[in-house]
Amino acid sequence: MNWTQTFIPTLKEVPADAEIVSHQLLLRAGLIRKLTGGLYTFLPLGLRALRKVERIVREEMDRAGALEVLMPALQPPEIWQKSGRYESARDVLFKVRDRAKKEWLLGPTHEEVITSLVAGEVNSYRQLPRNFYQIQTKFRDEIRPRFGLMRAKEFVMKDAYSFDATDEAAQVSYQKMYDAYVRIFQRCGLKAMPVEADTGVMGGKFSHEFMVPAETGENEVVYCEGCGYAANVEKAVSCVPATTGEGAASIGELERFATPGVSTIEALTRSPYEVAGDRQIKTLVYMVAGKPVLILLRGDHQLNEAKLTGVLGVADFRPATAEEIFDALGAHPGSLGAVGVKELNVCADELLRGAVGMTTGANEDGFHLRGVEVGRDIEVKQWGDLRLAAVGEPCNHCGKPLKVRRAIEVGHVFKLGSKYSEALGALFLDESGKQQPAIMGCYGIGVTRTLQAVIEQSHDKDGIIWPLPVAPYQVCITPLSVSPESAVFQLAQAIHKALIEEGVEVLLDDRDERPGVKFKDADLVGFPLRLGIGEKSLARGEVELKPRGGQLIAVKSENAVTKVLEWLEGNRV
RNA sequence: CGGAGCGUAGCUCAGCCUGGCUAGAGCGCCAGCUUUGGGAGCUGGAUGUCGCAGGUUCGAAUCCUGUCGCUCCGACCA
């Protein structure tokens, strides 16, 4: 392909509305253009890279035995009502109406569709296991689209759904996808790590996310360098010693004391009170299904709402407002406590079990209580792990201090169980003739997001550094003259032709531009290999191979094609 | 949805506070000349609904109101 015949609108300046470097480079390298917030057009170069990622995904899904299908993006709301997600996922659902005013949904995902298909087609254990996948555009009414392709209203996703007759078989299906994901991200040149994940609104009990470490990521991963444990912070557990009464200022007697103006844990740790954070009980009030519930944590800990969902068994909750709190407890945030509270549900973190000599709010503005004994003074109705694991806490498995880093979620595998198969009637007859719901798994990869994650992870100050397998072109030929009769350009064209015949994806920069412009653009776009042809080196019978980000290699011009092929072979993943 | 900021040429932005000549710069684009190994130089040229609507005023890019869009922070997030 000649540069002048394709369309690569590179940008010298950084677009004002792109915040993170991968988004800036997507725009600057001429890969995408924004139509409006959260919606982008893929330009020829960007589309080529996207297709590369898709191809890798497709090859690995096929290798893992999954079958490609293509489902409708437009879906009837009825199946979403059946699964219950018409309500639970309503915030992300795009709804449209046809001329008869009937409502339709633009699919954010396809569990309902595939399960409906299987419900009608699969009747016997003999037809299982099955795994169907598709690569398709998904629509989500994101509250706040951002970071280019990272979080968009519309994006390309690979989604796969497995159906099994037994739990054990489902586990095998899950592991196949897990292994395929490891290969996919490796082949994309990404350092992605699988981490244990919360299952969220999807339901199900078992899940891993594939995370690409990046400062700009929207997720936090807790991990241990000692044993390899890694989990999304929403799921992560750590091993903090139980809270004892040792060292407490006052054990045994419940004592009310004045704390004028104190409304934070931190303020109580200071003079004259000097109550350490781990000697305090933090009292949060949440409205759970419309009723106030007290959530107790140690003062130095943070609430993990994902864990709260698990402990309460419902996701329908939110922090109470100051007014709701005052109505329930007669005090404002900062002076709250659960001592003597009988009429409200009290839900406490495990680490508070048996804690004595604690300090907490007195439910009277400006007063706290010390000498609190959980159990004696506080009636806890529900216990659970509610705590957000934090950096430095001991790993639950090996005791080494945990670390935390930000990451981009590029893939997610779930063991779903039978939630959807039951709701949508995906039943089969087992060997004994008994009707059973299929055991499902679902497996997503954000294809467009993966593409951007590659750039986020692989770039320098000059531009993108494409891993060879996902580069839009593998090689860019840069002749420093494009006058038709020049030896430089004639050689460039000959090599171009020869490489195409060898099946190499090659771009010939035939623009009549100064060398600096061509070099800068080649670096910006990030071709893995650039072949420079100029008068000076050609006078010595040489051309120049320049791997992106590597050292220049002079090769004899008659060996150029061979050397390029060798380089490509040597860098294949 | 709450908070903050921004909408002026294809891109990056100045001008606005303190209303007033023909609305500007750099980059890009077009033509010509010169140049040719890391985003060249000179000359000439084209390009604007100053987001949109209303208001105040003799006069609005500038002040006021509304509205739409974008960006950031938060909440949210399969």
Between A:I114 and A:F163, is the side-chain contact (heavy atoms from CB on, under 4.5 Å) condition met? List the steps. CA-CA 10 Å; A:I114 193 70; A:F163 296 82; 3.9 Å; yes
Work out how far the P atom of B:G7 is from that of B:A14, and round it to whole angstrom. 7 Å
Expressed as a whole number of angstroms, how long is the span from A:K153:NZ to B:C76:P? 19 Å
Heavy atoms, side chains only, cut-off 4.5 Å: are A:L93 and A:P108 in contact? yes
Between the base of B:G37 and the side chain of A:E544, is there a donor and acceptor pair under 3.5 angstrom? yes
How about A:V404 and A:V221: do any of their side-chain heavy atoms sit closer than 4.5 Å? no
Please list every donor-acceptor pair under 3.5 Å in which a side-chain atom of residues 69-78 of chain A meets a protein atom from a residue at least two apart or in another chain.
from, atom 1, to, atom 2, distance (Å)
A:Q75, OE1, A:W80, NE1, 2.7
A:Q75, NE2, A:T109, O, 3.2
A:Q75, NE2, A:H110, NE2, 3.1
A:E78, OE2, A:K102, NZ, 3.1

Could you check whether A:P15 gets within reach of a base, just the sugar-phosphate, or nothing at all, counting any heavy atom under 4.0 Å? sugar-phosphate
In whole angstrom, give me the gap between the P atoms of B:U18 and B:G2. 30 Å
A:L524 CG - B:C11 C1' separation (whole Å): 14 Å
RNA chain B-proximal residues of residues 472-487 of chain A, any heavy atom under 4.0 Å: A:L480
Any chance you could measure A:I8, atom CD1, to A:D509, atom CG, to the nearest 0.5 Å? 8.0 Å
Checking N1-N3 plus N6-O4 or O6-N4 for Watson-Crick, or N1-O2 and O6-N3 for wobble, each under 3.5 Å, the partner of B:C1 is B:G74
What N/O pairs connect the protein and nucleotides 71-75 of chain B at under 3.5 Å? Give each pair on its own line.
from, atom 1, to, atom 2, distance (Å)
B:C73, OP2, A:R144, NH1, 3.3
B:C73, OP2, A:R144, NH2, 2.8
B:C73, OP2, A:R146, NH1, 3.4

Donor-acceptor pair, side chain of A:Q452 and main chain of A:F147, under 3.5 angstrom: yes
Polar contact flag, side-chain donor to acceptor under 3.5 angstrom, A:Y286-A:E324: no
So, taking the atom named CZ in A:F155 and the one named CZ in A:R140, what distance separates them when rounded to the nearest 0.5 Å? 4.0 Å
Per nearest nucleotide of RNA chain B, the residue lying toward the 5' end, A:L11 or A:E209, is A:L11
Can you tell me how far P in B:U57 sits from the matching atom in B:C50, rounded to whole Å? 22 Å
For A:K235 and B:A78, what is the distance between atoms NZ and C1' respectively, to the nearest whole Å? 15 Å
Just the rounded figure in Å: distance from C1' of B:A78 to CZ of A:R449. 11 Å
Check every strand shown and say whether A:E535 touches a base, only sugar-phosphate, or nothing at a heavy-atom separation below 4.0 Å. base
When the C1' atoms of B:C30 and B:C73 are compared, how many Å lie between them, rounded to an integer? 44 Å
A:S418 side chain to A:E422 side chain, donor-acceptor N/O pair below 3.5 angstrom: yes
Using whole Å, what does the distance between atom C1' of nucleotide B:C27 and atom CG of A:D521 come to? 14 Å
C1' atom, B:G51 versus B:U62: distance in rounded Å? 16 Å
Donor-acceptor side-chain pairing of A:D179 and A:Q175 below 3.5 angstrom: yes
Inter-nucleotide P distance (B:A53, B:G15), Å rounded: 25 Å
Could you work out the separation of B:G48 and B:A23 based on their P atoms and round it to a whole Å? 11 Å
Watson-Crick/G-U partner (both atom distances under 3.5 Å) of B:G59: none
If you draw the axis of the six-membered ring of A:Y86, does the NZ or CZ of A:K95 fall within 45° of it and under 6.0 Å from the ring centre? yes
Between B:C70 atom P and A:L27 atom CG, what is the distance in whole Å? 15 Å
May I have the distance from A:Q24 (atom CD) to B:C11 (atom P), rounded to whole angstrom? 16 Å
Just call it for A:R33: base, sugar-phosphate, or nothing, with non-hydrogen atoms closer than 4.0 Å on any strand. nothing
Looking only at side-chain N and O atoms, does A:E409 offer a donor or acceptor that is under 3.5 Å from a partner on A:H412? yes
According to the Watson-Crick and G-U wobble definitions, with both distances under 3.5 Å, which nucleotide is paired to B:C29? B:G45
For A:E234 and for A:D523, locate the closest nucleotide of RNA chain B by heavy-atom distance; then report the residue assigned to the nucleotide nearer the 5' terminus. A:D523
Does B:G39 have OP1 or OP2 under 4.0 Å away from a side-chain N or O of A:K518? no
Taking only the P atom of each, what is the distance from B:C21 to B:G66 in whole angstrom? 28 Å
Sugar-phosphate only, base, or nothing, as touched by A:V14 at under 4.0 Å among non-hydrogen atoms: sugar-phosphate
Length of the line joining A:K12:NZ and B:G39:P, which is rounded to integer Å: 9 Å
Determine the contact category for A:D91: base if any of its heavy atoms lies under 4.0 Å from a base atom, sugar-phosphate if only primed atoms, P, OP1 or OP2 are that close, otherwise nothing. nothing
Checking base pairs now: Watson-Crick or wobble, both atom distances under 3.5 Å. What partners B:G66? B:C52
Base of B:G26, side chain of A:E13 - is there a donor-acceptor contact under 3.5 Å? yes
Tell me whether the side-chain N/O atoms of A:R514 come closer than 4.0 Å to OP1 or OP2 in B:A40. yes
